[in-house]
Amino acid sequence: MKPLLYRNPFHDKKMRDKNMKTRSPFFCLQSFCRLLLAALLLASLTALPAAPSKDAHIVTASEAGAKLDSDVTKGGGTDDTALIQSILDRAPKLGSLKLIVDGAILVQGLTVHSNTTIECLNRACGFYLADNSNRPLIANATPQAEGRADHNLSFLGGTYNGNAEHQEHSTKEHGWTTAYALHGVEQVLFRDVSITNSRTFAVYLTNWRRVVFENIYINLDHIPKQSNQDGIHIQGPGEFLSIRNVQGRAWDDMIALNIDDLGSDWTSEGKFVRTPGKLFPPYSGNGTVTDVDIDGVQVDDCAQVIRILSRASRLDRVSIRNVKGTYRDFGVWITPYLREGGNIGRLEFENIDLRPAGQRAYDYVPAFLFWFAGKMEQVTLKNISSHAPIDDRPLVWIQPDAKIDRLRIDGLNVYDPRKEIGHTPLIRADGRIALLQVRDVVVQRPQATAPAGSLIGTSMDRSALKSFMDARAGIVAPPGKGRRGWPEGVGYLTSKPQIQRLQISDVVADGLEHILDHQAGTIEALDLRDLSIPATTKAVHQGGAAKITKTQGASAK
């Protein structure tokens, strides 16, 4: 028997009233009018055609007739160079132009004018350099070593594939065969761009002002012989450069600040001049670079990471932070490269965690994390890490030709779980330094079979320098009238280290033989403070020919 359900009479009355209201003629007419009005509005909207933009300043590649039948990773398809170049050539007449690339396009190289934006919808869209084009994929219209005629260039999104295996390394007309070649430009933006398989540099930038790179991916599948496959290669003159979040792989320098590369040299009369040649055409510049900010470089099996090359031109106010990943040979190489030179003001590195991996890519100098050579005023290293190294490469190597006013190493963290460790110092000081300050150091070698090496060492070992000079016998020359190259280099085979003031403080270390292993040259003033080291580690070891004029503050726990 089913239970009786209680019915609320008041609820039944409300429902009857509601039903009577909705069934009233007035309510039905009102609802009909609403439906009719909505239908009319919808019909008017659907009747309006979705006409393409009539703005002549904005051109979409597919609407302009581009076939878009290529592939940014494999190439092929229809060569649309003539069509795309004709679109880009409208910029001077229109005053500004935006090309929207909505597919993959095969080209033999393109030229961009001032006030041009190329925007690709995604990374499957972009350009592929046709076989044997032997020129940059993208070049500015008015390349020049002095003056900046081309301005307001933006490259947004997409993939630019240089098809490395099917291009010449360099040509007389264009110099290096690069993905981008921009010489004499101002106000340039790269954002969300992928650059793949450039024959040499991914970006070759000289004579510039106000340039920004953001979210750049550089990738290499093809590594030809004599590749010189830098990522972002920058020469002077230039000011105001910002690089944010660069990722990927290069088979030379991931980022090169080669202020005045080998395209400039000293004459026999001692004058520093540009020397254009096959690799450095007349429109590629050299000169002073200032105000550089690099934040976020992530490398995956790069041959080399960062190179700074100053021969005579000034480099100043440079900050490089948050550099991480794996590399083969060189972490940071600072050098005048085969000359008695260098002109560096303030340079700062912070939060560097680069880890060696894989076989060496080059063998003309030993591997290292930091290499300092030439004249520098103020260099700071903050929070430098060496985690699980695979060999005994020095972390900081101050070369015999280095002349540094102040070098501060503030925060060095070493974790080395190897059992067998060589005697190479973590910091090799072979040059001239007015002040070398090393503080806040932690060295852990938990599995080392015996103490080995030192935190800082000086010596007369010049075998690496000699091998480097021998490998470039045609460039390194002994002194003589009219000689170019590096005639001064011979003198550094016998030069002795000189440190006016060495400060070492706040060191916690195990697995080292010595904190300071001083084997050659002179230290005028040595200041040791707050060393926490085991009994197997000696604070200072001094060779017979080495001199320490004054020691103070020594303390060990």
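Keep in mind that what you see is a predicted model, and the values were worked out from it rather than measured. What's counted below: heavy atoms across the whole structure, side chains too, no hydrogens, waters or symmetry copies. In this chain, residues are counted from 1 in sequence order.
In terms of modelled atom types and a separation under 3.5 Å, the side chain of Asn163 and the main chain of Leu129 share a donor-acceptor contact. Panel note: side chain Trp397, backbone Trp371; no donor-acceptor pair is recorded below 3.5 Å. For Ser70 (side chain) and Phe127 (main-chain N/O), no donor-acceptor pair under 3.5 Å exists by modelled atom type. Under a 3.5 Å cut-off, the side chain of Asp150 and the backbone N or O of Val185 do not form any donor-acceptor pair. The backbone N or O of Arg311 sits less than 3.5 Å from a side-chain atom of Asp260, completing a donor-acceptor pair. A distance-only check finds no donor-acceptor pair linking the side chain of Gln304 to the backbone of Asp329 [under 3.5 Å]. In this structure a side-chain-to-backbone donor-acceptor pair under 3.5 Å is missing from Asp131 to His166. A donor-acceptor pair is defined here as one N or O able to donate and one able to accept, closer than 3.5 Å; such a pair exists between the side chain of Thr206 and the backbone of Gly285. Side-chain atoms of Arg199 never come within 3.5 Å of backbone atoms of Trp176 as a donor-acceptor pair (strictly under, hydrogens ignored). A distance-only check finds a donor-acceptor pair linking the side chain of Thr200 to the backbone of Thr177 [under 3.5 Å].
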Worksheet item: What's the verdict on side chain to side chain contact (heavy atoms under 4.5 Å, CB included) for His169 and Asn228, showing C-alpha distance, side-chain angles and the deciding distance?
Response: CA-CA 9 Å; His169 176 277; Asn228 297 110; 2.8 Å; yes
Item to complete: Under the side chain to side chain contact (heavy atoms under 4.5 Å, CB included) rule, what do Tyr283 and His174 come out as? Steps first, then yes or no, please.
Response: CA-CA 9 Å; Tyr283 47 76; His174 300 287; 4.2 Å; yes
Practice prompt. Would you check, one step at a time, whether the test side chain to side chain contact (heavy atoms under 4.5 Å, CB included) holds for Phe155 with Ile195?
Written response: CA-CA 12 Å; Phe155 305 96; Ile195 307 171; over 6 Å; no
Discussion item. Under the criterion side chain to side chain donor-acceptor pair (under 3.5 Å), I'd like the reasoning laid out for Asn383 against Glu350: C-alpha separation, chi angles, the key distance, then a yes or no.
Written reply: CA-CA 6 Å; Asn383 192 20; Glu350 182 175 1; over 6 Å; no
Fill in: Step-by-step side chain to side chain contact (heavy atoms under 4.5 Å, CB included) determination, Asp80 to Leu68
CA-CA 9 Å; Asp80 263 333; Leu68 305 181; over 6 Å; no
Discussion item. Run the salt bridge (Lys or Arg N to Asp or Glu O under 4.0 Å) test on Asp410 and Lys382 for me, step by step, so that the C-alpha distance in whole Å, both residues' side-chain angles and the decisive distance to 0.1 Å come before the verdict.
Written reply: CA-CA 5 Å; Asp410 188 355; Lys382 290 185 177 181; 5.6 Å; no
Fill in: Stepwise salt bridge (Lys or Arg N to Asp or Glu O under 4.0 Å) check, Arg209 with Glu239
CA-CA 5 Å; Arg209 189 172 188 268; Glu239 60 179 342; 2.7 Å; yes
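Salt-bridge check for Arg249 with Asp300: failed, with every basic side-chain N at 4.0 Å or more from each acidic carboxylate O. Salt bridge status for Asp55 with Lys98: absent, with no side-chain N to carboxylate O gap under 4.0 Å. Salt-bridge formation is not detected for the pair Glu214/Arg244: no Lys NZ or Arg NE/NH1/NH2 atom is positioned less than 4.0 Å from an Asp or Glu carboxylate oxygen.
Side-chain atoms of Tyr337 and Arg307, non-hydrogen and from C-beta on, do get closer than 4.5 Å to each other. Between Tyr204 and Gln235, some side-chain heavy-atom pair lies under the 4.5 Å cut-off. Residues Gln167 and Asn197 fail the side-chain proximity criterion, which asks for heavy atoms closer than 4.5 Å. You'll find the side chain of Asn207 reaches within 4.5 Å of the side chain of Arg148, heavy atoms only. Looking at Val188 and Tyr180, their side chains never come closer than 4.5 Å, going by heavy atoms from C-beta outward. The shortest distance between side-chain heavy atoms of Phe280 and Arg274 does not fall below 4.5 Å. Proximity of Glu340 to Trp266: side-chain heavy atoms (C-beta onward) are nowhere separated by under 4.5 Å. Using a 4.5 Å heavy-atom threshold, the side chains of Arg328 and Asp301 count as touching.
Looking only at atom types and distance, the side chain of Asp71 has no donor-acceptor partner in the side chain of Tyr128 under 3.5 Å away. Counting only N and O atoms by type, the side chains of Thr81 and Asp79 include a donor and acceptor under 3.5 Å apart. Counted by atom type alone, Asp102 and Thr60 present zero donor-acceptor pairs between their side chains at under 3.5 Å. Between the side chains of His387 and Asp353, no donor-acceptor pair is found at a separation under 3.5 Å. When only modelled atom types and interatomic distance are considered, Asn286 and Ser264 share a side-chain donor-acceptor pair under 3.5 Å. Using modelled atom types, one finds a donor on one side chain and an acceptor on the other under 3.5 Å when comparing His113 with Asp89.
Pro237 approaches Ala145 most closely through the heavy-atom pair CD-O, 4.5 Å. Contact between Asp230 and Ser198 at its shortest, heavy atoms only, is O-OG, 4.4 Å. Residues Ala357 and Thr326 share a closest heavy-atom pair of CB-CB, 4.1 Å. When every heavy atom of Gly342 is checked against every heavy atom of Pro336, the shortest pair comes out as N-CB, 3.8 Å. A pairwise comparison of heavy atoms in Pro281 and Gly175 identifies CD-CA, 4.0 Å as the closest pair. Across every non-hydrogen atom of Ala124 and Ala104, the tightest pair is O-CB, 4.0 Å.
Rounding to the nearest 0.5 Å places CD of Gln229 at 11.0 Å from CD1 of Ile218. Note that CG of Leu182 is 6.0 Å distant from CG of Leu205, once rounded to the nearest 0.5 Å. In this structure, Ile234 CD1 and Ile243 CD1 are separated by 4.5 Å, a value rounded to the nearest 0.5 Å. Taken to the nearest 0.5 Å, the CG atom of Leu412 stands 9.0 Å off from the CG atom of Leu381. Remark: Leu220 CG to Cys302 SG distance equals 8.0 Å, nearest 0.5 Å. Rounded to the nearest 0.5 Å, atoms NE2 (His151) and CD (Gln187) are 9.5 Å apart.
Using the six-membered ring where Trp is involved, Phe213 and Phe190 have ring planes that are parallel, under 30° apart on the 30 and 60° scheme.
None of Arg346, Arg314, Arg406, Lys403 except one satisfies the salt bridge (Lys or Arg N to Asp or Glu O under 4.0 Å) rule with Glu377; the exception is Arg314. Put simply, the residue from Asn351, Ile308, Val292 that forms a side chain to side chain contact (heavy atoms under 4.5 Å, CB included) with Ile320 is Ile308.
Residues His183 and Trp208 place their aromatic rings such that the two centres sit no closer than 6.0 Å.
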